[in-house]
2 protein chains.
Amino acid sequence: MRVLIIEDDPLHRSFLQEAVRAALPECREVLEAANGVTGEELARSHGAEQIILDLQMPGRNGIEAARSIWRERPETRILFWSNYSDEAYVRGVSRIVPDGAAYGYVLKSAAEERLKLALRSIFIENQCVIDREVRGLQQKSLGPNNGFSDTEYEILVDVALGLTDRIIARRRNLSLRSVQNRLQQLYDKLEVYHSLGEETGAINLRTRAVTNALLRKLLNYSALEKAEAELQEWLKQSAVDR
Amino acid sequence: MRVLIIEDDPLHRSFLQEAVRAALPECREVLEAANGVTGEELARSHGAEQIILDLQMPGRNGIEAARSIWRERPETRILFWSNYSDEAYVRGVSRIVPDGAAYGYVLKSAAEERLKLALRSIFIENQCVIDREVRGLQQKSLGPNNGFSDTEYEILVDVALGLTDRIIARRRNLSLRSVQNRLQQLYDKLEVYHSLGEETGAINLRTRAVTNALLRKLLNYSALEKAEAELQEWLKQSAVDR
DNA sequence: ATAGATCTTGCGGGTTCCCGCAGGACGCCG
DNA sequence: CGGCGTCCTGCGGGAACCCGCAAGATCTAT
């Protein structure tokens, strides 16, 4: 067996190296990469089947790397190893995991023992291991009760990117009014109205919705970065269409 | 000599412990805290005069901790030890450092040797040590040429918090039109107009300004968090006034 | 199949935003 | 002192936003 570690922090990298050697004695080689780009290259050139992946890295982040790795070999087993359980990350991961793939999500704050257990479960038993805390988020956020549906999330992102209602309508193939309806749902769910004092009209709903989403970690830097890239792509595309 | 380490990541904590012991043999005791709150308590109860402080921590973050520590004992020597050189952090630190205080800002990605040198310079020689990269940011961002003046930054924050022009005017003691003038400067400096395709009117200037600021790390989570707290404070205050 | 819930769309209006224009206040310098 | 640049301020108008109302469309369930 061979394991690839993609992690930018050298301390965490050597810690992972250590943990892998201890938990997986059958592992005969451990590769290391310090960022997303070289990580992908290594994964491709060595045909890595077991990967430990940090989500937050400068440049190409973990989610992008995972997506392109899984696109080539969906059976790759990936353990996400992250500092945070931001809803933006959790959502991003859920969105890209292929059907039936074995993966894991363990927080860096977890005890070393948990990490080792997760390593064996995923890489040997081929089972999913999701940190309890992350699991809770998944259920809450993906259930339609309290959380945000995919379409609502799309609109939220569009608003955050600074698109006009009209452009959002064009991009998502909706009428202007429908976009505004969805916006109202958003304002409701994000509790934009109560976020300031009771001064009516004291608030710009649009930007406040975005910062509320940021404050509750529904959005974060890497989500914005990714969304921005997709938007630029779409802009090029739609310029051609017209 | 006694050194206090405030850092949430256990790996980095023990690494710092090690580095301090190696670089400062005259240090007879090293205290550790895993978050801002207990860090402040330890600093107070032990009268710590040398502190190594992580900026990004859950809950009470490094900037808040530093501010309250420096408020009590401005002669405390603090080494900021951070993953990032976001302009938001750099600006936040510059804003709170007392006159003549010795402090340092070293990135976690720096070589171990740099860290040790910085430790000696700050804690023994009482000299400031600012990472080159951070230094560059400081000069660029605080000079009025290319960067943002304090008043512009204030307005940017207010916009990000979702305040209306009218409320911003009231908060900053300006007329409505002045606020809007400043907004136009902001849109200009943040290059809001060119951030999308040349489609005129395709863009909501207000929210786009915020995300542009986020994307270039002029704002980040902890800056928003802090600004939100100050806003709530002001809301209470102004409710009393009225 | 019929009723009810949910989603979409159009219309209309009140409000806020964005900004050009122009007048006034203040400091600087020859 | 008279010009000049910079900032603050008011006015006005076009555009975008927020949202109540109401008529279709779609889907579900009994």
Distance in angstrom units between [X] [atom1] and [N] [atom2], rounded:
X: B:R177; N: C:dT16; atom1: CZ; atom2: P; result: 17 Å
X: B:Y187; N: C:dC19; atom1: OH; atom2: P; result: 7 Å
X: B:D188; N: C:dG20; atom1: CG; atom2: C1'; result: 15 Å
X: B:L176; N: C:dC18; atom1: CG; atom2: P; result: 11 Å
X: A:R182; N: C:dT8; atom1: CZ; atom2: C1'; result: 9 Å
X: A:Q185; N: D:dC18; atom1: CD; atom2: C1'; result: 15 Å
X: B:R166; N: C:dT16; atom1: CZ; atom2: C1'; result: 9 Å
X: B:L205; N: D:dA15; atom1: CG; atom2: C1'; result: 11 Å

Report yes if some heavy atom in the side chain of A:F80 is under 4.5 Å from a heavy atom in the side chain of A:Y89; otherwise report no.
no
With A:L119 as reference, evaluate A:V129, A:I52, A:I124 under the side chain to side chain contact (heavy atoms under 4.5 Å, CB included) test and give the passing residue.
A:I52
Give me the atom names and distance for the closest heavy-atom approach of B:Y84 to B:L107.
O-CD2, 3.5 Å
Compare side-chain N and O positions of A:S178 against OP1 and OP2 of C:dT9 and report whether any pair is under 4.0 Å apart.
yes
[X] has a side chain; which of [options] sits nearest to it?
X: B:L183; options: C:dC18, D:dC19, C:dC17; answer: C:dC18
X: B:S175; options: D:dG10, C:dT8, C:dG20; answer: D:dG10
X: A:Y193; options: C:dC19, D:dT9, D:dC19; answer: D:dC19

Residue whose nearest DNA chain D nucleotide is more 5′ - A:L163 or A:N181:
A:L163
Can you find a donor-acceptor pair, distance only, under 3.5 Å between A:Q180 side chain and D:dC19 base?
yes
Can you confirm whether the side chains of B:N126 and B:R77 place a donor and an acceptor under 3.5 Å from each other?
yes
